[in-house]
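What follows is one structure encoded as C-alpha cells, with my remarks underneath.
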Amino acid sequence: MAKISYRRHRFPPTVIQHAVWLYHLSYRDVEELLAERGLDISYESVRSWVLKFGPAIRSRSAAVPSSTE
C-alpha cells in the first residue's frame, strides 16, 4: 500500500487526518471544532482534504484488522 503524501500542505499530517476523521460532521462543524483548539482552518480546506485523503485513509483503516477480544 502506497504511503500517503502530505507534502506541500500547510498543516501537519495529524491535523489533516483528524479533520478527515471528523468528516461525518458537516465541514463547518469541523471548522468550528478545530477553531476551538486554536487552529484557523476553513471548511473549504477540510472539504478538499476529505476529497483528497479520505479514500486513502479509509482504505488503510479497512486493511488494518481490528482486535475484538
Side-chain angles (χ1 to χ4, degrees):
M1 187 171 300
K3 185 175 179 180
I4 300 172
S5 175
Y6 296 97
R7 290 182 65 201
R8 297 176 37 203
H9 288 277
R10 178 178 166 198
F11 293 95
T14 54
V15 171
I16 295 171
Q17 290 168 357
H18 188 69
V20 172
W21 179 73
L22 291 171
Y23 84 96
H24 62 278
L25 303 170
S26 74
Y27 297 130
R28 291 187 190 264
D29 287 342
V30 174
E31 177 185 25
E32 288 178 17
L33 285 171
L34 295 173
E36 288 174 2
R37 290 163 175 77
L39 298 169
D40 184 26
I41 300 173
S42 73
Y43 73 93
E44 281 296 319
S45 294
V46 174
R47 185 188 68 80
S48 68
W49 293 342
V50 168
L51 294 175
K52 182 175 182 178
F53 299 114
I57 291 173
R58 184 179 200 163
S59 67
R60 289 183 136 211
S61 65
V64 176
S66 63
S67 61
T68 55
E69 297 178 335

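None of these values were measured; they are calculated from a predicted model.
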Give, for atom [atom1] of [X] and atom [atom2] of [Y], the distance between the pair rounded to the nearest 0.5 Å.
X   : Y   : atom1 : atom2 : result
W49 : Y6  : CH2   : OH    : 10.5 Å
S48 : F53 : OG    : CZ    : 8.0 Å
L25 : E31 : CG    : CD    : 13.0 Å

Co-membership, hydrophobic cluster, residues L51 and F11, 4.5 Å side-chain: no
Show the nearest heavy-atom pair for residues V50 and P55, with the distance to one decimal. O-CD, 3.7 Å
Using residues 32-45 as the side-chain source, report each donor-acceptor pair under 3.5 Å to any protein atom, sequence neighbours left out, with the distance given to one decimal.
from : atom 1 : to  : atom 2 : distance (Å)
R37  : NH1    : L33 : O      : 2.9
S42  : OG     : E44 : N      : 3.4
S42  : OG     : S45 : N      : 3.2
S42  : OG     : S45 : OG     : 3.3
Y43  : OH     : R28 : NH2    : 3.1
E44  : OE1    : R47 : NE     : 3.1
E44  : OE1    : R47 : NH2    : 3.3

For H18, side chain to side chain donor-acceptor pair (under 3.5 Å) partners two or more places apart: none
